[in-house]
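Numbers restart at 1 for each chain; the letters A, B, ... are given by sequence-line order, proteins then strands.
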Amino acid sequence: MLRFVTIRLLRAGLTVLSVMTFAFVVLRMSGDPAQVLLGPDVPQNIVQDFRDRWGLDDPIWRQYLSYLRAMLQGDFGLSMRDRSPAIDLVVERIPATLQLTIPALILQLALGIPAGIYAALKRGTLADRGVIVMAIIGFTVPSFVMGLLLVLVFAVVLGALPSGGASSWQHAILPVLTMSIGGIGVLARFSRSAMIEVMGQPYIRTASAKGVRWSDVVRKHALPNAAVPIVTIVGFMVGSLIAGAIIVETIFSWPGMGRLLIVSVTNRDLAVVQCILLLVAAVMVVSNLTVDLLYGWIDPRLRQAPPTH
Amino acid sequence: MQLSLFWLVAMIACAIFVDVLRPFPITQMNLGTRLAPPGTPGHWLGTDELGRDVLSRLIQSVRSSLVIAFGATLLSAFFGTLLGFMAAKFRGVVEHVVVMLADFQAALPFLIMSLAVLAFFGSSMPLLVCLMGFYGWERYARITRGLAISANAQGYAAAVVQLGATPSRVYLRHILPNVASTLIVSMTLTFPEIILMESSLSFLGLGVQPPDTSLGNMVGFGREYLTTAPWIMLSPATVIVLTTLAISLAGDWLRDRLDPTLDSIS
């Protein structure tokens, strides 16, 4: 078990390192970092101070090391907009983004998994078809179309809900719905196929043949085995939630990190972009790590040898 | 199934014969007929805020979106397969590097990585195609690596090696044809995802830039007129949904035909 956790932690660390390297390479390829991170009209002494601190006159490998050190100390440079540290700008937007992503994730888990399991147990019924249709919608309707359709129906035609802003909890309803609808369908479909696969296994037949109650067959024999593929897909969904937040916050003018990212990309405020990039990578690495550790917990077989790609 | 194939053929025809089909040039403005609703004679899908014909812009957009998605799918299949084969051929360090790259890709949602690259370099058509060409490469790499390793263990690859074939000949002439059907099925999975990714970027105003137009970019500009002229946004949105739906259905059909073992990959 210790070996399993150590290998996973090492890989997670390596991944964060590769994202930082990516940011470093892209930053260097796009021009002089002092110019890029500080902006064009900065006094010469500040530029020189920055060059000294980041060692921009040093050989490239030493620059790389000092870059990594600055990143680890949370020094991401200054935002072009108001010269405040980029990290402060980003951190102050995090709560707003979490206000959307956490309810959306809870909705997806609370509706998607039970719906999928129910559909698998009642194959061919109306509920089963409903799950399949939801899943198709989830795969084919992009979130910007979904968001605009919801605005069109609930805000423009019915006038029931606000179409943008963040001043009350009603404002969060449409964004959260937009983010969760597709995910509910996708999760339901995966839970459904995982469950159908498990229900076809010989051990399920054995359990029912020896007289175990049906509810116990499902709860004790089927669900734990269906959990591994479901956990995998939940891990993937964290990434799509973060990507979804960017689009949804733009549609609904929600003052979160996603909107900040779009505004910063448009204004080429690179310090902020870089900071968000690393933050998202850190979140994703932690979530992938959690998924990996959950595997080991759910399925003892996986603790022995790490699964190869 | 027939319906989805018909739709795909129609879309491809649109993309190829765009110059013949398009009733108006996409930038031709006519301020006299601004925001005309669908059904107006001459402008069957209406006009936008500058009096440009929505149908003409739609046809042109189908072309840009399909061309980008097609180019990007080929690029990513090429790189992914190459890396997968290299990992299978050399194992060791090369394999670890490929796995690390795949981890990297998994740690950054693609949309965010693209936004970062576009922020540093600015948006242009070649950059956009190359960027989209990175989409899903790790899927091909994983599949080809696994299949190539198992092919190496099978008789036919060993036999041609014994006959003195060079590695490139073994991989390109003998292993590639055997994994091709799996690769084609994966391409039908990646293709609609790239269309959605490109439309999302264009919707955010960071993909295809005006005066060029793409489906996502039309939806993005149509958003401003959601209350007064929803058709500007609804027609490209419908095309996006129908196209991705048609490709997914066609892909499912192809998968059943070509490779029944692929059920779990998506």
Side-chain angles (χ1 to χ4, degrees), chain A residues 11-12 14-16 18-19 21-23 26-27 29-31 36 136-137 139-145 148-149 151-152 155-156 163 190 193 197 229 235-236 238-244 246-247 250-251 261-262 264-270 273-274 276-277 280-282 284-285 288 308-309, chain B residues 87 95-96 98-113 115-123 138 141-142 145-146 192-193 195-197 199-200 203-206 216 219-220 222-223 226-227 230 233-234 236-238 240-249 263-264 266:
Chain A
R11 264 179 71 178
L14 208 61
T15 308
V16 173
S18 64
V19 173
T21 312
F22 168 78
V26 172
L27 185 65
M29 277 168 69
S30 61
V36 168
I136 292 176
I137 293 175
F139 275 119
T140 55
V141 181
S143 57
F144 60 92
V145 171
L148 291 179
L149 286 181
V151 168
L152 194 60
V156 178
S163 65
F190 271 92
S193 46
E197 167 115 30
F236 281 126
V238 172
S240 53
L241 262 182
I242 296 178
I246 298 175
I247 290 172
T250 307
I251 296 177
L261 178 62
I262 296 300
S264 311
V265 169
T266 316
N267 300 333
R268 305 196 73 185
D269 193 344
L270 299 174
V273 173
Q274 178 182 266
I276 295 180
L277 189 73
V280 170
M284 288 299 294
V285 165
N288 289 346
T308 47
H309 277 252
Chain B
E95 192 169 25
H96 284 301
V98 172
V99 169
M100 201 182 83
L101 286 176
D103 276 356
F104 164 73
Q105 196 80 73
L108 269 188
F110 194 83
L111 186 63
I112 293 183
M113 194 191 86
L115 284 173
V117 173
L118 292 173
F120 283 107
F121 295 109
S123 188
E138 76 277 11
R142 199 175 53 229
R145 176 183 157 277
E193 289 170 7
I195 293 187
L196 293 186
M197 190 55 71
S199 350
S200 305
F203 170 78
L204 293 169
L206 295 158
V219 177
R223 184 162 76 104
L226 193 60
T227 41
M233 168 244 143
L234 283 176
T238 316
I240 294 176
V241 172
L242 288 180
T243 308
T244 44
L245 183 64
I247 299 170
S248 309
L249 289 177
D263 221 16
S264 57
S266 65

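Residue A:Ile137: no heavy atom, backbone or side chain, is found under 4.5 Å from chain B. Heavy atoms closer than 4.5 Å to chain A are found in the side chain of B:Ser248, but not in its backbone. The contact between A:Leu148 and chain B is made by backbone and side chain atoms together, counting heavy-atom distances below 4.5 Å. For chain A, the nearby parts of B:Leu226 are the backbone and the side chain; heavy atoms of each come within less than 4.5 Å. For A:Ile136, the part sitting under 4.5 Å from any heavy atom of chain B is the side chain, from C-beta outward, and nothing else. With a threshold of 4.5 angstrom between heavy atoms, A:Val273 approaches chain B through side-chain atoms but not through N, CA, C or O. Contact of B:Leu101 with chain A is not made at all, since no heavy-atom distance falls under 4.5 Å.
At a threshold of 4.5 Å between non-hydrogen side-chain atoms, the residues B:Leu234 and A:Leu149 count as touching. A:Thr250 places a side-chain heavy atom less than 4.5 Å from the side chain of B:Leu204. The side-chain heavy atoms of B:Phe104 and A:Thr21, taken from C-beta on, include no pair separated by under 4.5 Å.
Atom CG of B:Leu196 and atom CG of B:Leu111 lie 11.5 Å apart (nearest 0.5 Å). A distance of 5.0 Å separates CE in B:Met113 from CZ in A:Phe22, rounded to the nearest 0.5 Å. Expressed to the nearest 0.5 Å, how far CD1 of A:Ile276 lies from CD1 of A:Ile242 amounts to 11.5 Å.
Using a 30° and 60° split on the angle between ring planes, B:Phe203 and A:Phe144 fall in the parallel class, below 30°.
Of the listed residues (A:Val285, A:Val16, A:Ile262), the greatest number of heavy-atom pairs within a distance under 4.5 Å of chain B belongs to A:Ile262. Residue with the most contacts toward chain B among A:Pro142, A:Ser143, A:Gly235: A:Pro142 (heavy-atom pairs, distance under 4.5 Å). If you tally non-hydrogen atom pairs under 4.5 Å between each of B:Pro230, B:Pro109, B:Ala116 and chain A, the highest count goes to B:Pro109. Of the listed residues (B:Ser199, B:Gly220, B:Pro192, B:Pro236), the greatest number of heavy-atom pairs within a distance under 4.5 Å of chain A belongs to B:Ser199.
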Does B:Ile195 form a side chain to side chain contact (heavy atoms under 4.5 Å, CB included) with B:Ile247? I'd like the steps, not just the answer.
CA-CA 11 Å; B:Ile195 293 187; B:Ile247 299 170; 4.1 Å; yes
